[in-house]
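Beneath this line is the structure, given in structure tokens, with notes to follow.
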Number of protein chains: 2
Amino acid sequence: MGKCEQCIIKQFNSLKSLTKDELVRISNCKTSHTIKKGTVIFEEGDAINGVYCIKDGICKLSKLSENGKDQIVKMVVKGQLLGQRSLVSDENSNLQATALNDMEVCFIPKSEIIADLQKNPKFSFDILKDMAHDLKEADDIIVNMAQKSVRQRLAEALIYIHNSFGVNPDGTLSVLLSREDFANIVGTATESAIRVLSQFKKEGLISTIGKQIKIESIEGLKRIE
Amino acid sequence: MGKCEQCIIKQFNSLKSLTKDELVRISNCKTSHTIKKGTVIFEEGDAINGVYCIKDGICKLSKLSENGKDQIVKMVVKGQLLGQRSLVSDENSNLQATALNDMEVCFIPKSEIIADLQKNPKFSFDILKDMAHDLKEADDIIVNMAQKSVRQRLAEALIYIHNSFGVNPDGTLSVLLSREDFANIVGTATESAIRVLSQFKKEGLISTIGKQIKIESIEGLKRIE
DNA sequence: ATTTTAATATGATAATTGTCATGTTTTCTT
DNA sequence: AAGAAAACATGACAATTATCATATTAAAAT
């Protein structure tokens, strides 16, 4: 099993602020996992008790609404930490995490890392920065949900996914989402999401290869009102 | 001017985790302010460079949408800290803060408190907990915005305000909001908010005394689908 | 390879919400 | 106290979005 001290992934998240000694200790108690696409990593209400360092892949964080829909609140990718909040609060998770493709993760038990959070101010400040950033993003999402049309939100979601998670060699979005996922990001009915995507296609803003989506005009998508 | 060490307000926020020495130092550099209802405390894009400890009153945090509406993202009351995020990130504020009634606040410059954040792990852990809580709340708001009707959201907003900020002796909500404010919390047109409130009144769920609102049946509001 | 199932697509229609117009009430100003 | 301005209220209508029905296509299972 790989060692945290030597793992490049940590450069991308708060673990980079741990000392070598701390990393060695964590490395000895972490567990590596391969997670198949579609697997639920944790559910709403679960006690998580640790963080996942994502070595590869991507997952969605969602919350079940009373109307039966599963609103996607955030996506977490390779390099990032999943479940940071469980380190801080003793409450159970308010979100469900589901793998969007095959993932490789390391799980670090809370018990082993919580002391570092208390002792290593650089580390806790890093986590703090992360959360502040998440909070800012959440504010933006709230405003978008409240004030923008489905069309606008979907256009922005496409741009966001394009810019944040990149594209395949053929130009299609590297994260493969179902139409239902798109609907659950944007907060609309699946049919509505499908309809809007069809329109975007007609307008030449995107093209599709099977369920893969390729953005043809970011500028065009940005211009949508 | 009052001294932080003796101030009861700090019991309600993360400042309680500062040592006596730290509090004394902060007390010497803080500035007290009275803020009139309606005053903009800081705007989007402002560099805040400190936190406000709210001794009395309440304010709204909002963000301007492209369509000209001012979405209210959060309300901050007596006892809480305003602008915590400015301590952590060096970016300018993404939100505007506006006093909803007359306020009394103490402003603590970032320069004086940032060292404590680095050195006092109890304090930074407290702030971390706060942010984790805010983030959880933000998730809930996103789901509500995306999946619930205006009617449901407004009912929930009324309940939230009732439970979180309390009522006057006559039973009316102690935070006096305009219909436009309600619309901006719920993310709808002012006319729609007015309409729904009128309906709630007709249905006996609320009553009004001028623009003051009194909840007559929390259970009824909760039952709305 | 064929059946079965799930995902995508589109039409028709209903429900929700936004916009504009206009009137009323309340609050503020002088 | 009178007039002006802002906030509240409601109707009429348009736009957006959800829901239900039903194809069509793609993926999975046997």
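Throughout, a chain's letter reflects where its sequence line sits, starting with A, and its residues are numbered from 1.
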*Of all of residues 211-225 of chain A, which get a heavy atom below 4.0 angstrom from DNA chain D, listed by number?*
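Residues of residues 211-225 of chain A under 4.0 Å from DNA chain D: none.
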In this structure, how many angstroms lie between the [atom2] atom of [N] and the [atom1] atom of [X], rounded?
{"X": "A:I194", "N": "D:dT17", "atom1": "CD1", "atom2": "C1'", "value": "14 Å"}
{"X": "A:E180", "N": "C:dA9", "atom1": "CD", "atom2": "P", "value": "14 Å"}
{"X": "A:Q147", "N": "D:dA15", "atom1": "CD", "atom2": "P", "value": "20 Å"}
{"X": "B:K202", "N": "D:dA9", "atom1": "NZ", "atom2": "C1'", "value": "10 Å"}
{"X": "B:L197", "N": "D:dA9", "atom1": "CG", "atom2": "P", "value": "8 Å"}
{"X": "A:K37", "N": "C:dA6", "atom1": "NZ", "atom2": "P", "value": "16 Å"}
{"X": "B:Q199", "N": "D:dT10", "atom1": "CD", "atom2": "P", "value": "10 Å"}
{"X": "A:D181", "N": "C:dT8", "atom1": "CG", "atom2": "C1'", "value": "14 Å"}

If you count every heavy atom of other residues, nucleotides or ligands that lies below 6.0 Å from [X] atom [atom1], does the total exceed 12?
{"X": "A:F12", "atom1": "CZ", "answer": "no"}
{"X": "B:K136", "atom1": "NZ", "answer": "yes"}
{"X": "A:E66", "atom1": "CD", "answer": "no"}
{"X": "A:K37", "atom1": "NZ", "answer": "no"}
{"X": "B:Q6", "atom1": "CD", "answer": "yes"}
{"X": "B:H33", "atom1": "NE2", "answer": "yes"}

*asked:* Ignoring hydrogens, what is the shortest heavy-atom contact between A:D126 and A:K16? Give both atom names and the distance.
replied: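 Where A:D126 meets A:K16 most closely, the heavy atoms are OD2-NZ, 3.4 Å.
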*Kindly give the heavy-atom pair with the smallest separation between A:C29 and A:P109, and that separation in Å.*
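Of all heavy-atom pairs spanning A:C29 and A:P109, the closest is O-CD, 3.8 Å.
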*asked:* Does a side-chain N or O of B:S198 approach OP1 or OP2 of D:dC8 to a distance below 4.0 Å, or not?
replied: no
Polar atom pairs between nucleotides 17-22 of chain C and protein, under 3.5 Å, N or O only, would you list them?
residue	atom	partner	partner atom	Å
C:dT17	OP1	B:V150	N	2.9
C:dG18	OP1	B:T188	OG1	3.4
C:dG18	OP2	B:T188	OG1	2.3
C:dG18	OP2	B:A189	N	3.3
C:dG18	OP2	B:S192	OG	2.9
C:dT19	O4	B:R195	NH2	2.9
C:dC20	N4	B:E191	OE2	3.4

_Can you confirm whether the side chains of B:Q147 and A:Q71 place a donor and an acceptor under 3.5 Å from each other?_
yes
